[in-house]
Amino acid sequence: MKKKIAFIINPISGTSSKKNVPDVISSCLDKSQFDFEIVYTEYRFHGRELSKSFVDEGYYAVVAVGGDGTVNEVAGSLRHTNTALGILPAGSGNGLARHLQIPLNNKKAIEHLNHSEIINVDYGLVNNHPFFCTCGTGFDAYVSTEFAKGKQRGIKTYLEKIIKGYFNYKSQSYHVVGDDIDIKTKAFILTFANASQWGNNAYIAPQASIQDGKMDISILSNAPLISIPSLALQLFTKTIDKDFLMTTLRSNSVTLHREDPGPFHFDGEPYEEGRLINVEIVPEGLKVLVKKRF
């Protein structure tokens, strides 16, 4: 019996057109294994509704065609079900897909689906909002907020926001409390990482695992101008956790206290959060399709 698999395409994610994606799916997907359906999101959070409907219909897998925001919407309704998440990366950062070593090329990503297996992975909750890659506050949340305000997407625009934002953003004071953790600090960046990177191969938590039941908490205390080139290099060479400005903690649950409400993000999607923020990891709560290990 063939497995039912659905593709949920976010037509406005990333910078590239999705016009040819259905043709690539139709020509490359192994139809001896799968019966497939293709649908499109039409508004924010529509992916959640569509994904839930496929779960209710007993689908084997639902594939998010988009970036980490699309993955978040689709995966949110797949938690603690027998329906697995697949990913065709088509966003700006594609953090979770990169962590899972899913190719950014659609044809190659579909080949992965054709030769895939299901693994169980962890996911996070930030004040009961699910996240699957990273969440956090500080400079990255500020940049995500500014990036979302603009009409342009892509790495060039993101870098422009980073450069401009660096001179506008000031470090904030935080208090992080959890099992064996009680730290007060002033931080430029504070990231809670289920997976290892923000996206675009920028590894904010190089040692993070999505199957260890823990989050890596990456705290960058300061980022003086002179340190920016080396910090950027370390982000992309998986060594930022070795920098003396970076503190890495590991826990399954923490509470963050901060002085004021303000920007926060989960999986790159910015929003406003309050002064008290609970972050926890839910072990093995999501099934994901990855390339079969022979």
Side-chain angles (χ1 to χ4, degrees), residues 44-45 67-69 72-73 76 91-93 95 123-153 157-178 181-195 197-200 202 204-205 208 215-225 227-228 231-232 235 240 245-249 251 253-281:
R44 195 178 185 196
F45 302 134
D68 287 316
N72 184 285
E73 287 195 18
S92 299
Y123 71 90
L125 290 172
V126 51
N127 283 357
N128 289 320
H129 295 293
F131 70 95
F132 302 90
C133 202
T134 66
C135 72
T137 187
F139 181 65
D140 57 323
Y142 172 80
V143 171
S144 293
T145 301
E146 294 302 305
F147 185 68
K149 291 177 183 177
K151 295 181 180 179
Q152 300 297 318
R153 289 291 179 264
T157 303
Y158 198 74
L159 288 173
E160 289 172 355
K161 297 296 183 184
I162 288 174
I163 293 167
K164 184 177 179 180
Y166 174 82
F167 296 99
N168 295 329
Y169 185 77
K170 304 299 180 187
S171 296
Q172 306 293 315
S173 295
Y174 302 100
H175 184 193
V176 184
V177 182
I181 295 174
D182 190 340
I183 181 172
K184 292 182 178 179
T185 184
K186 200 161 192 175
F188 188 73
I189 290 172
L190 203 164
T191 297
F192 305 91
N194 182 42
Q197 61 169 280
W198 285 324
N200 290 307
I204 187 62
M215 72 184 100
D216 281 26
I217 305 164
S218 301
I219 304 171
L220 184 65
S221 59
N222 199 5
L225 187 59
S227 72
I228 296 300
L231 286 171
L235 262 179
I240 198 167
L245 292 171
M246 180 69 77
T247 299
T248 302
L249 309 170
S251 179
S253 177
V254 295
T255 299
L256 174 68
H257 304 261
R258 58 181 182 175
E259 294 177 337
D260 299 299
F264 205 87
H265 80 86
F266 56 89
D267 294 337
E269 296 295 308
Y271 72 111
E272 292 289 308
E273 189 57 89
R275 290 189 291 267
L276 188 66
I277 301 166
N278 296 304
V279 187
E280 64 178 298
I281 293 296

Next item on the list: For Asn278 and Thr255, test the side chains for any donor-to-acceptor distance below 3.5 angstrom and give the result as yes or no.
Entry: yes
[X] (side chain) donor-acceptor with [Y] (main chain) under 3.5 angstrom:
X	Y	answer
Ser251	Ser253	yes
Asn194	Phe132	yes
Asp267	Gly69	no
Gln172	Lys170	yes
Ser221	Leu245	yes
Ser218	Ile204	yes

For the atom pair [atom1] ([X]) and [atom2] ([Y]), what is the distance rounded to the nearest 0.5 Å?
X	Y	atom1	atom2	result
Ile183	Leu256	CD1	CG	11.5 Å
Tyr174	Ile277	OH	CD1	8.0 Å
Asn200	Ser92	CG	OG	7.5 Å
Leu231	Leu220	CG	CG	5.5 Å

Next item on the list: Under the ring pair (Phe, Tyr, Trp, His ring centres under 6.0 Å) rule, collect the residues that match up with Phe266, sequence neighbours excluded.
Entry: His129, Tyr271
What pair of heavy atoms forms the shortest contact from [X] to [Y], and how long is it?
X	Y	value
Gly124	Ile281	CA-CD1, 4.0 Å
Pro263	Thr137	O-OG1, 3.1 Å
Ala187	Ile219	CB-CG2, 3.7 Å
Asp68	Gly93	OD2-C, 4.3 Å
Met246	Ile240	CB-O, 3.5 Å
Thr134	His265	OG1-CE1, 3.6 Å

Next item on the list: Would you mind reporting whether His175 and Asp182 have side-chain heavy atoms less than 4.5 Å apart?
Entry: yes
Check: Is the shortest heavy-atom distance from the side chain of Glu73 to the side chain of Arg44 under 4.5 Å?
Finding: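 Heavy-atom side-chain distance check passes, below 4.5 Å.
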Next item on the list: Could you walk me through whether Arg258 and Ser173 pass the side-chain hydrogen bond (donor to acceptor under 3.5 Å, both in side chains) test, one step at a time?
Entry: CA-CA 6 Å; Arg258 58 181 182 175; Ser173 295; over 6 Å; no
Next item on the list: Could you check Asn72 against Glu269 for side-chain hydrogen bond (donor to acceptor under 3.5 Å, both in side chains), going step by step and ending with a plain yes or no?
Entry: CA-CA 9 Å; Asn72 184 285; Glu269 296 295 308; over 6 Å; no
Next item on the list: Could you go through the side chain to side chain contact (heavy atoms under 4.5 Å, CB included) check for Val279 and Leu125 one step at a time?
Entry: CA-CA 6 Å; Val279 187; Leu125 290 172; over 6 Å; no
Notebook entry, point to check: What's the verdict on side chain to side chain contact (heavy atoms under 4.5 Å, CB included) for Phe264 and Glu272, showing C-alpha distance, side-chain angles and the deciding distance?
Noted result: CA-CA 6 Å; Phe264 205 87; Glu272 292 289 308; over 6 Å; no
Note to self: For Ile217 and Leu190: C-alpha separation, side-chain torsions, deciding distance, then whether side chain to side chain contact (heavy atoms under 4.5 Å, CB included) applies.
What the structure shows: CA-CA 7 Å; Ile217 305 164; Leu190 203 164; 4.1 Å; yes
Next item on the list: Please assess Phe192 against Val126 for the test side chain to side chain contact (heavy atoms under 4.5 Å, CB included), listing each intermediate value before the final yes or no.
Entry: CA-CA 9 Å; Phe192 305 91; Val126 51; over 6 Å; no
